[in-house]
Amino acid sequence: MISFRWAGVALALWGASSAMAAPAHTVTYDRYSLIVDGKPMYLWSGSFHYWRLPSPDLWLDVLQKMKAAGFNAVEIYFDWGYHSPRRGVYDFSGIRDVDRLLDMARDVGIYVIARPGPYINAETDAGGFPGWLVTTAGKPRSTSPEYTAAYREWMTQIDRIIARHQVTDGRGTVLLYQVENELYDESADTRRYMQDLEDKARADGITVPLTGNHNGNFVQGLGATDIPGHDSYPLDFDCTRPERWNAIYDFSAERRELTRTPLFFPEYQGGAFDVWGGPGYAACRALTGPAFERVFYESVMAAGSTMQNFYMTYGGINWGWLSSPGVYTSYDYGAAITASRQLTPKYDQQKLIGYMTRAVAPLARTDAIGTSVPDNRRLQVTARINPDDGTRFYFLRHAEAQDTSDDATHLKIVLNDRGETTIPEQPGTTIHIAGRDAKVLLADYRFGKQSLAYSTSELLTQLRLGTRDLAVFYGRHGEDGETVLRYPSEPKTRVLQGKVTTHWDAATHSLRLNYRHDGLARVAIDQGDTSLLLLVGDNEAAIRFWQLDTVDGPVLVRGPYLVRGAVRSGDTIALTGDTDQAGEVELFGLPDTRHVSWNGVPVDTVTTASASLLAHVDGPAPVSLPRLENWRVSDGAPEIAPTFDDSGWLTTDRTSSPNPYWNHRLPILDSDAYGFHHGNVWYRGHFRATGKEIGIRLSANMGVHLGNHGIFTAWLNGHFLGNNPSGAQQFAIDPAWLKKGGDNVTAVLVDNHGHLQEEHNGAFREPRGLLSATFANAATDIQWKIQGNLGGENLPDPMRGPFNAGGLYGERMGWQMPGFADAKWETTTLPHATDKPGVDWYRTTFRLDLPAGQDVPIALRIHDLASHHYRAIVFINGWQIGRYISDVGPQTDFELPSGLLNPHGNNTIAIAAWSTAHDGGLGEVSLVLQGNYRTSLVPNPPPFASDRLPATDLPDQGRHD
Ligand code: GAL
C-alpha cells in the first residue's frame, strides 16, 4: 500500500505509487489489466449520478460508502442537460458543482471513470441532451455541423473541469474518460464522430486513457477507443419475477480475442430500473440480489476480466422532471445502496468480493488454465493462474447458474509442491455449493510472510500490521472449511476463539486447519519470526469488517454498520463511521496503537487476546417524526376559467421549425418550440364559435415508452371535456357551452413525461405537448396561447435549475417555495376528495429537531386508492422531489434528501394535485422514517437556495429569441 499526498490531503489509493516528489502518475494497460504507475490493478467500480442526488454533502456520503465497501473507482455520467438550460449557458455551481464532486473523490481516495457523453442515455430526459437541443437541426450523434457545434460547447466546458482532476497530472483521481455511450453502428460517419470526440478530448487536455461502452465496437481503426468495453445486463429489466435467472454468458472468447486491452465492463448489471406501474424496487433488488452478484460477477472474473463497473451502485432519484418517459421518480435501481443511502445485503456481498479483489494483487494478471472437473457433475470449476507468481484461482459454481440444488464436492487442484491434490483433505468434509452460490478459492498464494497452500474458505482480506500478518477468511454459515498454510517447521498454534482443529503434516510442511463457519473463529499462528492472526467467519461475521487506509498503512475494524475513515496520529487512531445500534468496535491497528476515538470522542478500550483494541460505541437516539397537519389548500388552475387573462402568454405563431421531426402540422403547438422543455404545459385555444362545433379532436404526445402514462385534460369554456393519454381523442361538446360568435376558450393541461432517449433517429426531438386540435363538423380556426415553466429557458430559479418546476399556475407564482405566504388559503385536512377535475395546491410546514450527529433518512408517503385519479407533484422547501400517480403507481414514498430538508428547523411541503377525472383529491400524506444512524456525516442545508422566486413583474412568458 503506497500513498501520496496532495494539497495537504493524505490519499491512499490501492495500486497508486508514491508521488510526493513527482505528483503525476502513469496510467497504462496491457491485455491483463490497467496499470497505474507500473502496478497492475483490479478495477472494482460502481456507478453513481451526482445529478440524481441534489445535495452535495450527500455525494460525500455515497463516495465514502463506496470506498468503505472496497470499490476503488466510481463511474460518473455528466449530464449535459442538467448544466445547460439554454444554449451558451452553463452552470457548474451549487448542486451542479462537479469540481467539488471531483475534489471529494480525490479526498475520499477513489478513482473516477468520467462519462461526459455528450449522449449518456441513463433513463434521463433526452438521454442527457439539453432541452434547447430538441429544437435544433442536425442528426444527433453524427458529424452534422449543427450537432457538432452544439456538443462542442458542452465538451469544452466539461472537459476543462475533468482535465483539472486527472491522475495523470497528479491533481485528482480521474483515471479513465469514456467517449460517447453505446454507439452500436460503425458507419463511416459514426467512426468520424467518435474520432472527432476523441480529438476534442485530447485537445481539451484529457490525458488519461479513453474508454468505450459500445459492446465491442470501436476496437480498431478510425474512432477506436484505447480500452473498449462491454455492457451486460444478463437478467435484463423485468423485475416482476424476481426469482427468474437467465443463463450465464461466458465472456472468455471475448477475453481471448483482446490482445492489447483488458476485458472491461463499463456497465455490468448492478440492479434494474423500474417503470411506471412496475413492481417496485424491492423486486428489482431481489432479482439482482447477493446470489446474483456472487454468481454472475465471479463468472466475469472467471472469464478473465479485471475491470468491472456495476450500474448502478447508488441510483438516486429522478427529482424534478429528470426522468425519461417510462421511469418514475425513484431511480433506486435495486442497487447496493438504496436511494435513501442505506446499505443493503447487496452492498455486503459486493464488499466481500471487492475486498478480495483489493487484497489479492495477483488477480489482476491471470491466464486461463485447464483443471479437473469436480466429482459432483452438477458443479463447474474454472481455473486461472497468475503467470508471474503462480497464484491459482478456482471459480466454483453450478454448471447451470439457475440451479437451486444444494451440492457438495471434492475438487482436484494443483499445488506447486504437491501436484494434483484432492481437497478438502479432512475425511468426512466437503466443499459445499448451495443453490445459486459461487466461490472463488485460492491456492499457492503468498501474502505478507505467509504461504497459503489452499483454502476452501474464501479470502476477505489480508494485511500486514507491523510485524504480524492478519487474514480474514469466510464461508456460509454451517459449512465446512479447510485452510492449509505452509511453514518450514511446525508452528505454534493457539485457537483464541471458536472451534478449529489443527493438523501438522511434516512431510508436506503443511498446517491444516479444519472448522465449520460459525460466528468468528480466531487462531494465532507463530513460527520463527512470522506471526499470523487468522480470522475465519461466516458471511455475517465477515461483512462486519472494514479495512481503512492510513498514511502509515491499513487497519482493520470489526463491528459497526459503517466505518468511513481512520486517521492515525501518534498512538491514537481516530475512527469515523456510523452505528445503527450500540455495539462493539474492534480495531486491529498498527502495533503501537494505544488509543481509539470514535467520531471525535475518545473511547475506553481493552486489549484482547487477538492483540486488538475493543471498545463499545453508542447507537442512535430514537427519533419520532411529526404528523403532517394544518394543511392549507388553494385552487391552482385558474387557466380553466374562460375569463383567465392569458395576454402575457406566448402565441403559437411559429410556422416552421429547425427541428426536422416536428409533425409538419400548423400551427406548431410543440411546447419545445416555445422554450418549454420540462414539466406541465398549459394551452389555451381561443375560437369564435359558429355553434356547429359538436366535438373537438385533440391530439397530444406526452412521451410514450415502456407504457403510455402521460396524460392531458381539457376543458371548454370551463366545462370538463375529459382526459386522454398520448394519442388523439374526440371529446363531445354540449352546444349549450358555446358562445356563438363570441370568444370561446379550450384549455388543455399536458403532462410532459420527458423526451425519449436517442439512438440515431432523432427520437429525442419528437414533439411534446399538444399536436393538433380540430372541430368535428366545423372548420373553425383556433388561436392558441401556450404557457409552460416560468421564463422558459430563462430560469427564474437557476439554483434549482431547469428540471425543478413546470408550468402549473402555482409553480409560476412560486407556491412551491417556503417563503410563499399562504395564510389566506383555506385550511383543510387530508385525505381530501374532490369531484372537480383541475389542480389543487396543498401546503403545510413541519418542524424537525433531529438529534445532532444522526443521519435520519426520511421519506414523504402518499397513501391512497388506485380508484382515485390524480397525479401529485411534491415539493420540499421548493425542490420537486416526487411525482405520484394514484392510478398507475408504484411509488408512494419519496425521499426527502437531507440538505434539502432542514433537520433542525422548519420545512415546507407543497403538493400540487392534478385531478384528472371527477374522483380526484389527495390521499393521506405522512413522513416515514427510513432509517436512523449515529454518524460522522454532517449534511448542511444548501446555502445557495432561495426561499421564494425572485420578485418579478414579468408576465407569464416563454422563450424570447
Ligand atoms: C445501458 C446504458 C445506460 C442505461 C442502462 C440501463 O445500456 O448505457 O445509460 O440506460 O443501459 O439502465
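Numbers here are sequence positions counted from 1. Whatever order the structure lists ligands and atoms in, that order sets their numbers, starting from 1.
Counting only N and O atoms by type, the side chains of E267 and N309 include no donor and acceptor under 3.5 Å apart. Side-chain atoms of H83 and D91 form no donor-acceptor pair, as typed in the model, at a separation below 3.5 Å. Donor-acceptor pairing under 3.5 Å is lacking for the side chains of D274 and Y331. Donor-acceptor pairing under 3.5 Å is recorded for the side chains of T190 and D185.
Among T136, D672, D670, the one residue that satisfies the side chain to side chain donor-acceptor pair (under 3.5 Å) test with R765 is T136.
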TODO: Start with the C-alpha gap between Q308 and F310, add the side-chain angles, then the distance that decides, and say whether side-chain contact (heavy atoms from CB on, under 4.5 Å) holds.
DONE: CA-CA 7 Å; Q308 288 180 268; F310 305 98; 3.8 Å; yes

For ligand 1, which of its N or O atoms have a protein N or O partner closer than 3.5 Å, and how long is each gap?
| unit_1 | atom_1 | unit_2 | atom_2 | d |
| --- | --- | --- | --- | --- |
| ligand 1 | 7 (O) | E182 | OE1 | 3.0 |
| ligand 1 | 7 (O) | E182 | OE2 | 2.3 |
| ligand 1 | 7 (O) | D231 | OD2 | 3.0 |
| ligand 1 | 8 (O) | Y77 | OH | 3.2 |
| ligand 1 | 8 (O) | N181 | ND2 | 3.0 |
| ligand 1 | 8 (O) | E182 | OE1 | 3.1 |
| ligand 1 | 8 (O) | E267 | OE1 | 3.2 |
| ligand 1 | 8 (O) | E267 | OE2 | 2.7 |
| ligand 1 | 9 (O) | Y77 | OH | 2.7 |
| ligand 1 | 9 (O) | I120 | O | 3.1 |
| ligand 1 | 9 (O) | A122 | N | 2.8 |
| ligand 1 | 10 (O) | N121 | ND2 | 2.7 |
| ligand 1 | 10 (O) | A122 | N | 3.3 |
| ligand 1 | 10 (O) | E123 | OE2 | 2.5 |
| ligand 1 | 12 (O) | E123 | OE1 | 2.6 |
| ligand 1 | 12 (O) | E123 | OE2 | 3.3 |
| ligand 1 | 12 (O) | Y333 | OH | 2.5 |

